[in-house]
Amino acid sequence: MPLHFLKTAKARTLSVKRVMRMTEEEAVAEFQKLRWPDTNGEPVCPHCDCPRCYNIRTRKIFKCSACRKTFSVTSGTIFHSAKLELRDYLGVIALFVNAVKGISALQISRDIGISYKAAFVLLHKLRESIDHARNGLKLGGEVEIDGAYYGGHVRPPNTGREGKRPDAKTAKTRKQCVLTMVARGGATVPVVVRSENTEEVLAATAKHLLPDTKVYADEHGSYDALHARYEMHRINHRLKYAEGDVSTNQAESFHSRMRRGEIGQYHRISGRLLHRYAFEMAYRSDRRRVDNGATYTELGQMALSHPVSREWKGYWQKRAPGIDKPPGVSGGAAATGGAC
Ligand SMILES: [Zn+2]
């Protein structure tokens, strides 16, 4: 029996060991290749796009021959004003890529030896660059659609097994639905909505599906309205999970990955940031059959082509002293997806 792709050497083209053994000069060269792939790492001025720049080695910056402005390899990117060694950033990207069910900020902080706050912001910058790169995706061909609820943890009362269960109504109102569209053989697009209802389903599909798409859904009533717009195929989950090629198994498998991330890594995901975690898991899902070196390069390029993050730059400085959790989140830092 042939080995599963993930067990073969072709799937392992990156190791954290190789990244963390880099000298700082090698890390700078790697950063340059990720930032300027078209010129094989030769700097291009971010101010005027001029390719003639010279290196001021003593200050680790470049100077443009045309506009005379200076810049560094991280200027104008999410790593702008980088405070860590560049090798550590590459190490975080490598650990992030290798963690197929997600990785918590606390684990990154322990693995790399950086503060929890630095790890938390860095991971969110990576999620923002994934969100930015994939937000406008349009799907066509055969697309599966399905929703599942996340977040909104309600602590059960301390009344033992025989006691009253958590109020389902309260739990439901705090949860949000991740409505997921998966193109067979293509990309995954998650959309966070208040609930799986007709209005939200119509809005999400109008934004992300091409007109001639074949849509596969379960028997949930919110998908009935799609019959007027698309060729629909429905599977009744009360009877079976698949009939021929009619199923939503790929959408279910995205939700399975997302649920494992929520339970095993992030524990409690803030509703404010749920869409970022959903985009992260969609990206992981779409790259599950790609070697880790290629994903590392792609994510590094996404991060270095993303502008300075308005949301995460100086994040902890913007927070009031003594407050260790983002706005709109209860339950401390754990509620932000940093636990474990
Ligand atoms: Zn210039």
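Counting convention: from 1, in listed order, for ligands and their atoms alike. When a residue number appears, it is its place in the shown sequence, counting from 1.
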Aromatic plane relationship, Phe31 with Tyr89 - under 30° parallel, 30 to 60° tilted, over 60° perpendicular: perpendicular
Metal check, the Zn ion (ligand 1) vs His47 N/O/S, cut-off below 2.8 Å: no
Rounded to 10°, how many degrees is the angle SG/Cys64-the Zn ion (ligand 1)-SG/Cys67? 110°
Is a salt bridge present between Lys33 and Glu30, judged by a nitrogen-to-oxygen distance below 4.0 Å? no
Do Tyr241 and Glu252 have side-chain atoms, one donor and one acceptor, less than 3.5 Å apart? no
The Zn ion (ligand 1) and Cys50: any N/O/S contact shorter than 2.8 Å? no
Any N/O/S of Cys48 under 2.8 Å from the Zn ion (ligand 1)? yes
side-chain hydrogen bond (donor to acceptor under 3.5 Å, both in side chains) with Arg234: of Asp224, Thr248, Asp218, only one passes, and it is Asp224
